[in-house]
Amino acid sequence: MPVRILVADDHQVVRTGLRALLESKTGWQVCAEAANGREAVEKASQLKPDVAVLDIGMPLLNGVEATRQIRKFSPKTEVLILTMHDSELLVQEVLGAGAHGYILKDEADRNLVAAVDALRRHKPYLSSRVSDAASKTAMASGDGAISGQTVRSRLTPREREILQLLAEGKSNKEVAGYLGISVKTAETHRANIMLKMDFHSITELVRYAVRNKIIQS
């Protein structure tokens with residue numbers, strides 16, 4: 001059986017390079033590409049790939065939230081995070097969301113094939129440059145769960161989606177359209193986010209989103 005892989009990154013040149021690298025392996029095929037996190041979730045839900053390779057800083061839905069939703073809608077799909085960021089907190093967040101692989105983009109030429117090969121066999125794979133603490137936490141946890149609570153864990157999954165959309169400059173009406181909810185519901189979620197996170201302006205929200213790699217500056 002071929003290994004079916006979904007590649008999600010908001011840069012076409014990156015997706016093209018990843019496809020070429022992955023399909024150089026006999027029996028592997030990139031069954032779909034996605035340019036944002038929401039599209040990645042939709043395609044993973046429809047196609048049920050063996051492995052999804054995701055960037056962290058994708059528009060509309062970041063890699064952490066996309067991982068969480070992919071693992072919910074396609075539990076057999078393993079998620080590999082491929083990113084420029086080696087923050088220990090970020091590693092813990094994506095592993096807590098259900099990813100079992102994490103490598104850095106500047107190591108992709110050496111490690112991508114090995115990482116996908118490990119994940120297709122349901123084995124974890126972490127970059128050697130990920131901190132020892134994060135590595136130990138990930139390997140000790142069979143389901144990727146992380147005991148430590150992050151600040152963002154105060155928010156519900158829906159609120160985390162909305163936080164990103166607001167940080168990207170979307171209006172309440174646009175948020176409602178993306179998520180299929182009423183404008184009033186979007187406004188209520190926005191108010192809850194501001195209250196829970198103790199934000200006093202959208203500027204503070206945007207700064208938080210950039211600092212925590214939810215969006216790219």
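The CD1 atom of I214 lies 9.5 Å from the CZ atom of R211; values are rounded to the nearest 0.5 Å. In this structure, N111 CG and Y125 OH are separated by 3.5 Å, a value rounded to the nearest 0.5 Å. One distance of note links CD1 of I81 with CG of L126; it measures 11.5 Å at 0.5 Å rounding. The distance from atom CG of L119 to atom CD of E78, rounded to the nearest 0.5 Å, is 5.0 Å. Once rounded to the nearest 0.5 Å, the distance linking CG of N62 with CG of L54 reads 10.0 Å. To the nearest 0.5 angstrom, Q69 atom CD is 6.5 Å from R38 atom CZ.
Transitive grouping of hydrophobic side chains (ILVMFWY, heavy atoms separated by less than 4.5 Å) brings L60 and V210 into a common cluster. Put simply, F73 and I70 are part of the same group of oily side chains (I, L, V, M, F, W, Y) that touch within less than 4.5 Å, one to the next. I162 and I202 fall within the same hydrophobic cluster, where Ile, Leu, Val, Met, Phe, Trp and Tyr residues are linked whenever their side-chain heavy atoms come under 4.5 Å apart, directly or through other members.
Residue pairs meeting the salt bridge (charged side-chain N to carboxylate O under 4.0 Å, His left out) criterion with at least one partner in residues 5-26, sequence neighbours excluded, are D9-K105, R15-E33, R19-E23, R19-E33.
The only member of L112, D55, V13, V116 that meets side-chain contact (heavy atoms from CB on, under 4.5 Å) when paired with L18 is L112. Tested against V7, the residues V51, V30, V14 include a single side-chain contact (heavy atoms from CB on, under 4.5 Å) partner, V30.
In terms of heavy-atom proximity, A32 sits nearest to L47 at CB-CD1, 3.5 Å. Across every non-hydrogen atom of K196 and L155, the tightest pair is CD-CD2, 3.8 Å. Between Y102 and V94, the shortest heavy-atom contact is CD1-CG2, 3.4 Å. Contact record, S24 with L21: OG-O, 2.6 Å, taken as the closest heavy-atom pair. Closest non-hydrogen pair, S45 versus V41, comes out as OG-O, 2.7 Å. Nearest heavy atom pair, residue A44 against residue L6, reads CB-CD2, 3.9 Å.
Under a 4.0 Å N-O distance rule, the pair E161/R158 qualifies as a salt bridge. Remark: E65 engages R68 in a salt bridge, criterion side-chain N to carboxylate O under 4.0 Å.
Scored by the side-chain hydrogen bond (donor to acceptor under 3.5 Å, both in side chains) test, E39 finds K43 as partners (sequence neighbours excluded).
No side-chain heavy atom of V206 sits less than 4.5 Å from a side-chain heavy atom of L166. Annotation: side chain of I181 is in contact with side chain of H189 (closest heavy-atom distance under 4.5 Å).
Put simply, the side chain of N36 never gets that close to the backbone of M58: no donor and acceptor are under 3.5 Å apart. With hydrogens and angles disregarded, a donor-acceptor distance shorter than 3.5 Å links the side chain of T77 to the backbone of P49. Looking only at distances, no side-chain donor or acceptor of R71 sits under 3.5 Å from a matching main-chain atom of A99.
Side chain to side chain, E168 and Q164 meet the donor-acceptor criterion of an N or O pair below 3.5 Å.
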Go through the steps to decide whether L61 and Y178 satisfy the test side chain to side chain contact (heavy atoms under 4.5 Å, CB included), and finish with yes or no. CA-CA 11 Å; L61 194 69; Y178 276 115; over 6 Å; no
So I56 and V64, side chain to side chain contact (heavy atoms under 4.5 Å, CB included) or not? Walk me through it. CA-CA 7 Å; I56 283 286; V64 177; 4.2 Å; yes
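The number of heavy atoms from other shown groups lying within 6.0 Å of CZ (F199) is above 12.
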